[in-house]
Number of protein chains: 2
Amino acid sequence: MEFREAKNKFVQTWGALGSQWGINKTMAQIHALLMISHEPLSMEDIMEELQISRGNASMNLRALMDWGIVYKEFKQGERREFFTAEKDLDELAVKIAQERSKREIKPALKVLKEVSTGVKDDKSAEAKHFTDQTEKLYDFVLKADNMLEKATEYKDNWLAGLVMKLMR
Amino acid sequence: MEFREAKNKFVQTWGALGSQWGINKTMAQIHALLMISHEPLSMEDIMEELQISRGNASMNLRALMDWGIVYKEFKQGERREFFTAEKDLDELAVKIAQERSKREIKPALKVLKEVSTGVKDDKSAEAKHFTDQTEKLYDFVLKADNMLEKATEYKDNWLAGLVMKLMR
DNA sequence: AATAACTTTCAAATATTTTTGAAAGTTTGA
DNA sequence: TCAAACTTTCAAAAATATTTGAAAGTTATT
């Protein structure tokens, strides 16, 4: 297999994976590209390689930086900006877990708490079951989120760390 | 808060969460509705409650059944079919983890293996770095997938099970 | 302060995904 | 076997998300 072909295949696959996980294709592709690039890339490089517009590149790079998994880099005597991806995979996983918790799980928990404790007067079997079920869901999601949080505190040795935390 | 209002809020929130995780909104909403319903619902019920078309309901119910998290149920002397959701949350988590592994992680692993071992002749630093990085990625994703698999084998007591598996 | 080299923004265009609804398909019971 | 009661399919329509590109903004250099 040609290097070029392999690279392309990787970028495409990573991009497709991204869409299935609620991240947009270009964002995931830029990330893929930066992951395997041995030196920082400029916006031009990225536009060229992925055949995308300047605006698209700019917006998705900003999004990646907001996630904390891509960094700006300044090169000696170069005016333009270069970008690199977080290459430490444990660190990458931690960042992604933290962001998803913050953006998705925490807000969902808030609503779950509201709805599971909010229906007071209705004594019907229906309402009873609703409160019961959403309460269980709240507990479950909260537990999962806590585990995620604890696991990420330890990165490299997350399992040992998690066990210790949970056993105390 | 009214029961109706709480129910609606829950269904909406679960739906929004679904979209962020690559599951479509209606599918997630149907699931939410079935989760909190104390008795099986017919397709009519679901269409009515969520204000969606017959085709939409049919397709998304089939998808939920393919995921193994919604079941058909037959009622005594009733011609039409009723649906219920998996309500055991541990079981639900296991099913989701298994499906995602099968549908997304496994195929990605296949490609990662291909590209990480496929570039043989190119001796450039670029190609070297590519092979190196994709290899690391392969190992990482494989490890994560294995852990997921092992954890799900134990459901209720997944942590103990996981620790035992990994320590052997 | 003016210019050049770059980046960001955002409204409009494009692409993708989801939804609809009517026709085709299936199953049950008379 | 037929008709009634239901479900599935799928092409077209609608909704949503992404992308473009040009104008506005920013920063560094002279």
Side-chain angles (χ1 to χ4, degrees), chain A residues 11-34 40-67 70-85 103-104, chain B residues 11-34 40-67 70-85 103-104:
Chain A
V11 170
Q12 292 305 317
T13 304
W14 210 242
L17 209 62
S19 339
Q20 287 171 321
W21 284 79
I23 285 160
N24 95 41
K25 199 183 64 178
T26 306
M27 191 171 151
Q29 286 182 344
I30 293 177
H31 183 249
L33 192 59
L34 291 174
L41 300 180
S42 70
M43 209 154 97
E44 288 289 342
D45 295 335
I46 293 166
M47 288 164 58
E48 165 68 22
E49 188 85 39
L50 300 179
Q51 292 291 308
I52 57 173
S53 71
R54 192 171 290 289
N56 198 2
S58 173
M59 282 179 134
N60 283 300
L61 278 167
R62 134 140 348 239
L64 284 163
M65 290 188 297
D66 288 347
W67 275 74
V70 161
Y71 314 111
K72 256 187 195 160
E73 205 150 287
F74 297 94
K75 274 197 194 171
Q76 262 300 1
E78 273 276 13
R79 181 71 122 52
R80 74 217 148 115
E81 300 164 339
F82 289 82
F83 301 90
T84 22
R103 293 170 195 231
E104 295 151 22
Chain B
V11 170
Q12 293 305 318
T13 304
W14 210 242
L17 209 61
S19 344
Q20 287 171 318
W21 284 78
I23 285 160
N24 95 40
K25 198 183 66 180
T26 305
M27 189 169 153
Q29 285 182 343
I30 293 177
H31 183 249
L33 192 60
L34 291 174
L41 299 180
S42 70
M43 207 154 99
E44 287 291 341
D45 295 336
I46 293 166
M47 288 164 58
E48 165 67 24
E49 188 85 39
L50 300 178
Q51 292 291 308
I52 58 174
S53 72
R54 191 170 291 287
N56 199 3
S58 174
M59 283 179 132
N60 283 299
L61 278 166
R62 130 132 2 229
L64 285 164
M65 289 188 297
D66 288 348
W67 275 74
V70 161
Y71 313 111
K72 256 188 194 159
E73 204 152 290
F74 297 94
K75 275 196 192 170
Q76 261 303 358
E78 272 276 14
R79 179 67 169 306
R80 74 215 149 117
E81 300 163 339
F82 288 81
F83 302 89
T84 21
R103 292 170 195 231
E104 294 151 24

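Note that the structure is predicted; figures quoted are calculated from it, not measured. Sequence lines set the chain letters: A, B, ... in the order given, protein chains first and strands last, and positions in each chain run from 1.
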(message) Checking Gln20(B) now: which residues fulfil side chain to side chain donor-acceptor pair (under 3.5 Å) with it, not counting sequence neighbours?
(response)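 With sequence neighbours excluded, Gln20(B) shows a side chain to side chain donor-acceptor pair (under 3.5 Å) to no residue whatsoever.
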(message) I'd like to check the side chain to side chain donor-acceptor pair (under 3.5 Å) partners of Ser53(A); sequence neighbours left out, ordered by chain and number.
(response) none
(request) Name the orientation class of the two ring planes belonging to Trp21(A) and Trp21(B) (parallel below 30°, tilted from 30 to 60°, perpendicular beyond 60°). (result) tilted
Supply the atom-to-atom distance [X] [atom1] to [Y] [atom2], rounded to the nearest 0.5 angstrom.
| X | Y | atom1 | atom2 | value |
| --- | --- | --- | --- | --- |
| Trp14(A) | Gln29(A) | CH2 | CD | 12.5 Å |
| Ile52(A) | Thr26(A) | CD1 | OG1 | 5.5 Å |
| Phe83(A) | Glu73(A) | CZ | CD | 10.5 Å |

(message) Please enumerate all residues that pass salt bridge (charged side-chain N to carboxylate O under 4.0 Å, His left out) together with Arg62(A), with sequence neighbours excluded.
(response)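 Residues passing salt bridge (charged side-chain N to carboxylate O under 4.0 Å, His left out) with Arg62(A): none at all.
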(request) Please list, by residue number, the residues of residues 43-54 of chain A whose heavy atoms come closer than 4.0 Å to an atom of DNA chain D; answer none if no residue qualifies. (result)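 DNA chain D contact set from residues 43-54 of chain A: Gln51(A), Ile52(A), Ser53(A).
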(request) Could you tell me the separation between the NZ atom of Lys25(B) and the C1' atom of dA14(D), rounded to a whole number of Å? (result)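 That distance rounds to 12 Å.
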(request) Measure the distance from CZ on Arg80(B) to P on dA5(D) and round it to the nearest whole Å. (result)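 Taking atom P of dA5(D) as the reference, CZ of Arg80(B) is at 12 Å.
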(request) Name the nucleic acid region contacted by Asn56(A), choosing base, sugar-phosphate or nothing; use a 4.0 angstrom heavy-atom cut-off, strictly under. (result)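 The answer is base, as Asn56(A) lies within the cut-off (heavy atoms under 4.0 Å) of a base atom.
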(message) I'd like the 5' and 3' limits of the part of DNA chain C contacted by chain B, with heavy-atom contacts below 4.0 Å.
(response)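 The protein-touched segment is dT18(C) to dT28(C).
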(request) Using the closest heavy atom to pick a nucleotide of DNA chain C for each, name whichever of Lys72(A) or Arg79(A) lands nearer the 5' end. (result) Arg79(A)
(message) Can you list everything that forms a side chain to side chain contact (heavy atoms under 4.5 Å, CB included) with Leu33(A)? Sequence neighbours excluded, please.
(response) Lys7(A), Val11(A), Leu41(A), Ile46(A), Glu49(A), Leu50(A)
(request) Would you tell me if any nitrogen or oxygen in the side chain of Thr26(A) comes within less than 4.0 Å of OP1 or OP2 on dT19(D)? (result) yes
